[in-house]
Amino acid sequence: MISRIIFISVLLAVGYLLLRSWQRKKFIKKQAQEPAATTQITPKRMVRCDYCSLHIPEHEAIADGGQFYCCLEHARRLKNPH
């Protein structure tokens, strides 16, 4: 009688662990798929540096009189070529 109780207890424990494992795998798989479906890539406007022709996102560029530069040094070099 005791062996039956132990056997049933072990079966229930193994079943419980298998169920939790299956649920965990299902949850991880669902989370791995969600970011790909919900992530939206917004395109950024690219501009060219008037000094070195490097293309950079507009929000990172230095704008001066309708011209764009990749860094302050390049913006200064066109104004002062020395």
Side-chain angles (χ1 to χ4, degrees):
M1 183 69 174
I2 293 180
S3 62
R4 270 192 178 168
I5 294 173
I6 293 173
F7 179 72
I8 292 172
S9 298
V10 168
L11 280 178
L12 289 174
V14 169
Y16 175 74
L17 292 175
L18 286 174
L19 179 65
R20 294 235 6 225
S21 174
W22 176 74
Q23 287 176 335
R24 186 177 299 126
K25 286 179 185 178
K26 187 177 173 183
F27 178 74
I28 290 171
K29 186 176 179 181
K30 183 179 178 183
Q31 277 197 335
Q33 291 174 350
E34 279 183 12
T38 60
T39 302
Q40 294 180 355
I41 299 172
T42 56
K44 306 273 191 259
R45 181 170 179 248
M46 301 294 284
V47 294
R48 184 180 57 85
C49 175
D50 285 338
Y51 184 79
C52 67
S53 299
L54 176 72
H55 284 83
I56 54 175
E58 185 177 19
H59 70 277
E60 293 179 17
I62 298 165
D64 184 25
Q67 296 177 320
F68 296 98
Y69 304 98
C70 62
C71 63
L72 284 173
E73 182 181 342
H74 287 181
R76 289 182 187 141
R77 283 191 179 183
L78 279 182
K79 290 184 178 182
N80 282 330
H82 303 290

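- Once rounded to the nearest 0.5 Å, the distance linking CD1 of Ile28 with NZ of Lys30 reads 13.5 Å.
- Counting heavy atoms from C-beta on, the side chains of Asp50 and Arg48 come closer than 4.5 Å.
- Note that CD of Glu73 and OH of Tyr51 are 7.5 Å apart. Values are rounded to the nearest 0.5 Å.
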Side-chain donor-acceptor distances from residues 4-11 under 3.5 Å, at least two apart:
unit_1, atom_1, unit_2, atom_2, d
Ser9, OG, Ile5, O, 2.8

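- Considering Arg24, Lys26, Lys25, Arg20 as possible partners of Trp22, the one that fulfils the side-chain contact (heavy atoms from CB on, under 4.5 Å) test is Lys26.
- Atom NE2 of His74 and atom OG of Ser53 lie 10.5 Å apart (nearest 0.5 Å).
- Of all heavy-atom pairs between Ile62 and Leu72, the closest is CD1-N, 3.2 Å.
- With contacts defined as side-chain heavy-atom distances shorter than 4.5 Å, the pair Pro57/Met46 qualifies.
- Smallest separation of non-hydrogen atoms from Val47 and Ala61: CG2-CB, 3.6 Å.
- Nearest approach of Cys52 to Cys49, heavy atoms of both residues: N-SG, 3.5 Å.
- If you chain together hydrophobic residues whose side chains sit under 4.5 Å apart, Tyr69 and Leu54 never meet in one group.
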